[in-house]
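Okay, so here's the structure we're looking at.
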Amino acid sequence: MPADTEATPPAPGDLEQSRRDKLARIEALGLDPWGQRFDGHRPIAEVRQLDAPPPGASEPGPPVRVAGRIMLRRDMGRVHFLQIRDWTGPIQVMIGKKQVGETGWELANLLDLGDLIGVDGTVGHTRTGERTVFATGLTILGKSLLPPPEKWHGLSDIELRSRQRYVDLFTNPESMEAFLGRSKILAAFRRVLAERGYVEVEGPTMQTIAGGAAARPFVTHHNALDLKLYLRIALELHLKRLLVGGMEKVYELGRVFRNEGISRKHNPEFTMLEAYEAYGDYHSMMELTEALILGAIDALDGQRVRSWDGNTVDFTPPWPRRTYASLFEEYVGVGMHDFEAVRERAVERGISVLDKDDVVIVAELFEQVVEPNLIGPVFVVDYPAPLCPLTKRKRGHPDVAERFELFVHGVELANAYTELNDPLLQEELFRKQLQGQRAEDSMAVLDEDFLRALKHAMPPAGGLGIGMDRLCMLLLDRHHIRDVILFPLLRPDHC
RNA sequence: GCCUCCCUAGCUCAAUUGGCAGAGCAGCUGACUCUUAAUCAGCGGGUUGAAGGUUCGAGUCCUUCGGGGGGCACCA
């Protein structure tokens, strides 16, 4: 490398320089400012539960070791009070000059907000009744060279919170709580599925045909094979191949990618659960859906009556099942098969009816008129068959597909079918979908291998998809998908 | 992609009609062994997102660009 291309590091600002000076002084004490393995520290939430002597007690409380980040610092001269926090919560630490030894006291005077420290001490209470670790030893575990956000307001700028999630997490406890909640929801899902005998698998995220949904895919390229590849937009078609292979209860919980707009309900990559049960149908999937979501609720706090965006939803099972047709009639006011009346209603609502199939108009009316009313949770069942190319038709009712969607607060949370396993009908439906579709719409590419798999006979099955990000929003009372995705897609900034 | 609003110190926010860029927290110096967003005294900190324009004078008005928020569109 030519020397003149080497970037000279920017001069640190005053705030950073002062911390670098302290870093050097900590090293001069013979301490490693970046710390080492620190065994035996206990979660702070646990320390808060320990039996400890009351304020003013003469005998010391039980010895403990904790580790965390300094969030508040009150320097009273020969005694310092710190509030440190780990991912379970905060606790106060009292550092007395006489109690921590000479080096410990010198270290205490070099600590800043944001530093990571380990504390050995005893648990007790101060005179004002605050639970406190009275330090007998201090260990520096990581010197923070940058100042943390303001101690009272934290980091509030929504952009900075997403870009610097590491800062958001350690300054805003509600953010940490949301992401730990998300983890609990995912773990609960896996536990419920495992208890029911499902196996977790991993399909390809890079595919030569991105099928299973209608969405614009991301495109990439494999150099060695000189192959155009798409990031998957759904999990469906590969999981069904596994049903053919004999995996009877199978699921994948993973990322899918859709090259479309970003909104409070949409991120280009999001997490989906898809589960398939051989010899089941959409009724078995409704029961599974209830079990999964109730399992997640129990893992969080067990509250079945939950608020979201100021409204209340009651998740006590069983959740109502309502047919698409009956909801349509109730809210639109006409029968969905009375196409003349349907068109009139559509025109009244400003929906264009030119060159549209009757069923497309029905679907648009349903979306606009019915869905906002579905506070739920409610299973909408039995969809118009033309909307459901991957779904088995109801026996004796070829115009009805055995499909349900679960709605809560007007948001589609889950989508499930009795899976279509007739390869001849499947091929016919695929070809019908092809007509008039944009070339980039993935359904417009026939997946011949999937049809070949079906020809080997796929068992009749129930299949379920759940948008995990939206479920997290709902159960954690967050109103932006960015609040439940750790690193949402953003344009690069110039930092 | 379209409409609209926003971007001021590390963070949270002010700045009247276009008229000297400010505060709190954080930082630095000092005091204090029971504080609770500790307190008290003093000190430093800015290319107002970037570039250009109008003007005697621009954080403020105009243009372009960058980033973001909200809405719409796209999204079985």
Side-chain angles (χ1 to χ4, degrees), chain A residues 12-19 21-22 55-56 70-83 90-100 105 108 112-114 124-132 134 144-164 167-168 171-172 212-217 233-234 236 258-268 270 359-360 362-364 366-367 383-391 401 403 405 412 415 417 429 433 437-438 440-443 465 467 479-480 482 488 490-495:
Chain A
D14 289 346
L15 296 174
E16 181 172 345
Q17 190 54 56
S18 132
R19 285 166 180 252
D21 293 343
K22 291 177 188 172
I70 300 173
M71 305 308 295
L72 296 173
R73 200 162 63 94
R74 295 181 282 276
D75 174 351
M76 307 271 310
R78 280 179 283 278
V79 63
H80 294 183
F81 291 92
L82 307 180
Q83 187 198 74
I91 197 164
Q92 177 167 268
V93 174
M94 186 173 122
I95 303 169
K97 184 179 182 184
K98 287 183 188 163
Q99 289 81 34
V100 291
W105 185 245
D112 283 305
L113 295 181
H125 294 87
T126 58
R127 284 174 207 162
T128 51
E130 176 84 17
R131 176 160 296 234
T132 299
F134 295 90
S144 171
L145 296 180
L146 292 175
E150 209 228 16
K151 63 187 178 186
W152 187 242
H153 297 93
L155 196 62
S156 65
D157 183 280
I158 180 83
E159 179 183 357
L160 280 180
R161 289 181 54 193
S162 298
R163 284 193 196 281
Q164 301 184 24
V167 178
D168 178 43
T171 53
N172 299 325
R216 301 172 73 174
I233 59 173
E236 178 145 356
R258 296 186 181 179
N259 204 341
E260 278 155 7
I262 297 175
S263 79
R264 77 170 55 211
K265 283 189 228 165
H266 299 85
N267 193 62
F270 60 101
V359 68
V360 172
V362 167
E364 289 186 19
F366 191 91
E367 252 177 61
Y383 275 64
L387 300 176
C388 315
L390 295 162
T391 312
R403 171 185 185 178
E405 291 193 347
E412 174 200 337
N415 182 20
Y417 316 139
L429 294 176
Q433 290 281 314
Q437 294 229 348
R438 293 175 303 181
E440 62 247 37
D441 277 348
S442 58
M443 285 293 219
H479 313 125
H480 201 300
R482 192 168 282 183
L490 294 170
R491 286 191 166 92
D493 71 352
H494 312 281
C495 81

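Note: hydrogens, waters and symmetry copies are ignored here, and every other heavy atom, side chains too, is used. In what follows, every chain begins at residue 1, and chains take the letters A, B, ... in the order their sequences are listed. If you're wondering where the values come from, they're calculated on a predicted model, not measured in any experiment.
Thr126(A) contributes a side-chain N or O that forms a donor-acceptor pair with the base of U35(B) under 3.5 Å. Checked by distance alone, Gln92(A) brings a side-chain donor or acceptor within 3.5 Å of a matching partner on the base of U35(B). The base of C11(B) is not paired with the side chain of His153(A) by any donor and acceptor separated by under 3.5 Å.
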query: Taking it one step at a time, do Gln92(A) and Gln83(A) satisfy side-chain contact (heavy atoms from CB on, under 4.5 Å)?
result: CA-CA 4 Å; Gln92(A) 177 167 268; Gln83(A) 187 198 74; 5.6 Å; no
Applying side-chain contact (heavy atoms from CB on, under 4.5 Å), run through Glu412(A) and Lys265(A) and close with a yes or a no. CA-CA 11 Å; Glu412(A) 174 200 337; Lys265(A) 283 189 228 165; over 6 Å; no
Does the pair His80(A) and Trp105(A) meet the rule for a side-chain contact (heavy atoms from CB on, under 4.5 Å), with working shown?
-> CA-CA 10 Å; His80(A) 294 183; Trp105(A) 185 245; 3.6 Å; yes
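Between Arg74(A) atom CZ and A37(B) atom P there is a gap of 7 Å when expressed in whole angstrom units. Separating the CG atom of Asp14(A) from the P atom of G44(B) is a distance of 13 Å, rounded to the nearest angstrom. At whole-Å resolution of the value, CG in Asn172(A) and P in C11(B) are 14 Å apart. Between the CZ atom of Arg163(A) and the C1' atom of G49(B) there is a distance of 12 Å, rounded to whole Å. Atom CD in Glu159(A) sits roughly 11 Å away from atom C1' in G66(B) (whole-Å rounding). If you measure from atom CD of Glu236(A) to atom C1' of A76(B), you get 12 Å, rounded to the nearest angstrom. One interatomic measurement links the two molecules: CD1 of Ile158(A) to P of G68(B), which rounds to 12 Å at whole-angstrom precision. Summarising the geometry, the separation between CZ on Arg161(A) and C1' on C11(B) is reported as 14 Å, rounded to the nearest angstrom.
Checking C74(B), A37(B), C13(B) against the side-chain heavy atoms of Trp152(A) singles out A37(B) as nearest. Listed candidates were U12(B), G68(B), C34(B). Nearest to the side chain of Arg491(A) is G68(B). The side chain of Arg264(A) sits closest to G70(B) out of A37(B), G70(B), U35(B). Here the nucleotide nearest the side chain of Arg403(A), chosen from A76(B), C74(B), U35(B), is A76(B).
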Dot-bracket for RNA chain B, 5' to 3', Watson-Crick and G-U pairs with both distances under 3.5 Å, [ ] for crossing pairs, | for partner on another strand, reads (((((((..((((.....[..)))).(((((.......))))).....(((((..]....))))))))))))....
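Remark: Arg258(A) pairs with no residue by the salt bridge (Lys or Arg N to Asp or Glu O under 4.0 Å) rule, at least two apart or across chains. The side-chain hydrogen bond (donor to acceptor under 3.5 Å, both in side chains) check on Asp21(A) picks up Gln17(A), with sequence neighbours excluded. Under the rule for a side-chain contact (heavy atoms from CB on, under 4.5 Å), the partners of Lys151(A) that lie at least two apart in sequence or sit in another chain are Leu72(A). Under the rule for a ring pair (Phe, Tyr, Trp, His ring centres under 6.0 Å), the partners of His479(A) that lie at least two apart in sequence or sit in another chain are Trp308(A). With sequence neighbours excluded, no residue forms a salt bridge (Lys or Arg N to Asp or Glu O under 4.0 Å) with Glu130(A). With sequence neighbours excluded, no residue forms a side-chain hydrogen bond (donor to acceptor under 3.5 Å, both in side chains) with Glu367(A). Remark: Thr171(A) pairs with no residue by the side-chain hydrogen bond (donor to acceptor under 3.5 Å, both in side chains) rule, at least two apart or across chains. With sequence neighbours excluded, the residues satisfying ring pair (Phe, Tyr, Trp, His ring centres under 6.0 Å) with Tyr383(A) are Tyr324(A).
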Result block: side-chain N/O donor-acceptor pairs under 3.5 angstrom for residues 154-162 of chain A, not counting sequence neighbours:
from, atom 1, to, atom 2, distance (Å)
Asp157(A), OD1, Glu159(A), N, 3.0
Asp157(A), OD1, Leu160(A), N, 2.8
Glu159(A), OE2, Arg163(A), NE, 2.9
Glu159(A), OE2, Arg163(A), NH2, 3.2
Arg161(A), NE, Asp168(A), OD1, 2.9
Ser162(A), OG, Ile158(A), O, 3.3

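For the pair Gly129(A) and Asp157(A), nearest-nucleotide mapping onto RNA chain B gives the more 5' position to Asp157(A).
His80(A) has no side-chain polar atom (N or O) that falls below the 4.0 Å cut-off from OP1 or OP2 of C34(B). Side-chain nitrogen and oxygen atoms of Lys151(A) include at least one within less than 4.0 Å of the OP1 or OP2 phosphate oxygen of A26(B). The phosphate of C75(B) (OP1 or OP2) has no side-chain N or O of Arg258(A) nearer than 4.0 angstrom. Regarding contacts with the backbone of A26(B), every side-chain N or O of Arg19(A) stays at 4.0 angstrom or more from both OP1 and OP2.
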Reading nucleotides 28-33 of chain B from 5' to 3' and marking B where a protein heavy atom lies under 4.0 Å of the base, S where only the sugar-phosphate is that close, and - otherwise, the string is S---BB
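We find the OG1-CE distance between Thr132(A) and Met94(A) to be 8.0 Å, quoted to the nearest 0.5 Å.
Among the protein residues, His480(A) comes within range of the sugar-phosphate backbone only, with heavy atoms under 4.0 Å from sugar or phosphate atoms but none that close to a base. Using a 4.0 Å heavy-atom cutoff across all strands shown, Leu155(A) reaches sugar-phosphate atoms only and no base atom.
Rounded to whole Å, the separation between the C1' atoms of C3(B) and U8(B) comes to 26 Å.
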Could I get a table of every N or O pair under 3.5 Å where one atom is in the protein and the other is in nucleotides 6-10 of chain B?
none

